Amino acid sequence: MRDYVRETVRFNTTPDARVPAFVLVPKNVSTPAPAIVALHDHGGFYLWGKEKIVEVPNEHPVLTDFKKQYYGGKSIATELARQGYVVAVIDMFYWGERRMLLDDDPVDWRERPASLTRERIQAFNSRAGQSEQLVGRTIYSPGSPGRA
C-alpha cells in the first residue's frame with residue numbers, strides 16, 4: 001500500500017499543447033503542504049519521461065535499469081512524496097507521452113507495451129536523438145510561436 005496518492009492530470013500550456021503530469025500527494029500530510037515541481041533528466045532516453053522519477057506499476061525492466069544507472073535506483077519524486085512533499089512531475093517536451101512520434105512509426109513505439117525489447121527501445125531513442133537538434137532549431141527559430 002502506498003503512502004501517497006498518485007493523480008494523473010493534463011493541463012494546457014498553449015491552446016494546442018496539453019502536458020501530461022503526475023501529482024503525488026502524501027496521504028498523511030498537514031495542509032498547507034510543501035510542494036515541489038520535479039523534472040526528469042534530458043538525456044537520450046526519450047521513451048519515458050515522468051516515469052523516470054516516479055514509481056509506476058509493472059515498470060519496464062529497461063526503465064528500471066536506467067533508474068539504477070542514472071538515479072541510484074531511486075524514483076526521486078516518489079521519495080520526496082514519502083518525505084511529505086506534494087510533487088508535480090511533467091513529461092518534458094520530446095520525452096514520454098510528449099515524445100516525437102511520426103505517422104509511420106510502429107505500434108510498439110506508440111503503445112510502449114511490456115513486451116517492447118531493449119533493442120526496440122534503443123532504436124527509438126536513437127531515432128529521437130538524431131532528430132532532436134533539428135526539432136529544437138525548428139520550433140525555437142526566430143519568429144516562430146514555439147508551441148513546446
Side-chain angles (χ1 to χ4, degrees), residues 1-136 139 146-148:
M1 184 164 130
R2 285 192 272 180
D3 39 4
Y4 63 93
V5 174
R6 185 184 79 206
E7 299 285 342
T8 300
V9 298
R10 295 180 187 284
F11 59 92
N12 282 63
T13 55
T14 71
D16 300 320
R18 296 210 25 98
V19 176
F22 291 148
V23 178
L24 311 179
V25 181
K27 286 185 178 174
N28 296 318
V29 69
S30 300
T31 57
I36 295 175
V37 176
L39 303 176
H40 61 77
D41 69 278
H42 287 193
F45 191 62
Y46 303 95
L47 202 62
W48 287 282
K50 59 193 176 301
E51 298 86 358
K52 293 178 181 181
I53 60 174
V54 175
E55 286 180 3
V56 292
N58 305 313
E59 184 173 274
H60 195 286
V62 173
L63 179 56
T64 301
D65 290 346
F66 177 86
K67 286 181 181 182
K68 286 178 184 172
Q69 183 173 359
Y70 295 102
Y71 289 100
K74 303 278 186 188
S75 296
I76 294 168
T78 300
E79 297 294 324
L80 289 167
R82 288 187 175 125
Q83 293 177 29
Y85 292 92
V86 174
V87 186
V89 183
I90 68 169
D91 275 335
M92 301 299 290
F93 176 71
Y94 212 73
W95 281 265
E97 290 180 58
R98 299 176 74 195
R99 68 193 178 282
M100 183 180 72
L101 291 171
L102 303 175
D103 291 341
D104 60 348
D105 278 346
V107 173
D108 62 346
W109 286 2
R110 293 178 179 287
E111 297 180 1
R112 300 181 296 181
S115 61
L116 191 61
T117 66
R118 185 174 303 274
E119 293 76 24
R120 296 291 297 144
I121 292 168
Q122 187 175 24
F124 177 83
N125 288 333
S126 178
R127 195 285 308 273
Q130 292 168 3
S131 302
E132 184 179 0
Q133 287 187 9
L134 176 61
V135 170
I139 63 173
R147 296 202 185 275

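Small disclaimer: the values here were computed from a predicted structure and weren't measured.
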Student: What is the minimum heavy-atom distance between A21 and F11, and which atoms define it?
Tutor: CB-CE2, 4.1 Å
Student: Just by modelled atom types, is the R2 backbone N or O under 3.5 Å from a matching donor or acceptor in the K27 side chain?
Tutor: yes
Student: Quick check against the 3.5 Å criterion: does R98 have a side-chain atom that pairs as donor or acceptor with the backbone of I90?
Tutor: no
Student: Taking side chain as C-beta onward, heavy atoms only, is D108 less than 4.5 Å from P113?
Tutor: yes
Student: If you draw the axis of the six-membered ring of Y46, does the NZ or CZ of R99 fall within 45° of it and under 6.0 Å from the ring centre?
Tutor: no
Student: Do L47 and N125 come within less than 4.5 Å of each other through their side chains, counting heavy atoms only?
Tutor: yes
Student: What's the separation between atom OH in Y85 and atom CG in L24, rounded to the nearest 0.5 Å?
Tutor: 14.0 Å
Student: For the CG atom of D41 and the CD1 atom of I53, what is their distance to the nearest 0.5 Å?
Tutor: 8.5 Å
Student: Mind listing the closest non-hydrogen atom pair of V87 and A81 along with its distance?
Tutor: CG2-N, 3.9 Å
Student: Give a yes or no on whether a salt bridge exists between D91 and K50, defined as a side-chain N under 4.0 angstrom from a carboxylate O.
Tutor: yes
Student: In Å and rounded to the nearest 0.5 Å, what is the OG1 to CD distance from T8 to E97?
Tutor: 8.0 Å
Student: Is the shortest side-chain heavy-atom distance between P57 and R6 below 4.5 Å?
Tutor: yes
Student: Give the C-alpha distance, both sets of side-chain angles, the deciding distance and a yes or no for side-chain contact (heavy atoms from CB on, under 4.5 Å) between T78 and F22.
Tutor: CA-CA 11 Å; T78 300; F22 291 148; over 6 Å; no
Student: Counting C-beta onward and ignoring hydrogens, is there a side-chain heavy-atom pair between F124 and L101 closer than 4.5 Å?
Tutor: yes
Student: Identify which one of E55, E59, K67, R82 satisfies the side-chain hydrogen bond (donor to acceptor under 3.5 Å, both in side chains) criterion when paired with S75.
Tutor: K67
Student: Answer yes or no: are there more than 12 heavy-atom neighbours, outside N12 itself, under 6.0 Å from its atom CG?
Tutor: yes
Student: So does E51 get a backbone contact from the side chain of H40, meaning a donor-acceptor N/O pair under 3.5 Å?
Tutor: no
Student: Only one of R112, R110, R127 clears salt bridge (charged side-chain N to carboxylate O under 4.0 Å, His left out) with D105; which?
Tutor: R127
Student: Verify, without hydrogens or angle tests, whether K52 (side chain) and F45 (backbone) share a donor-acceptor contact under 3.5 angstrom.
Tutor: yes
Student: Tell me the closest heavy-atom pair linking P26 and G84, and the distance in Å.
Tutor: CG-C, 3.6 Å
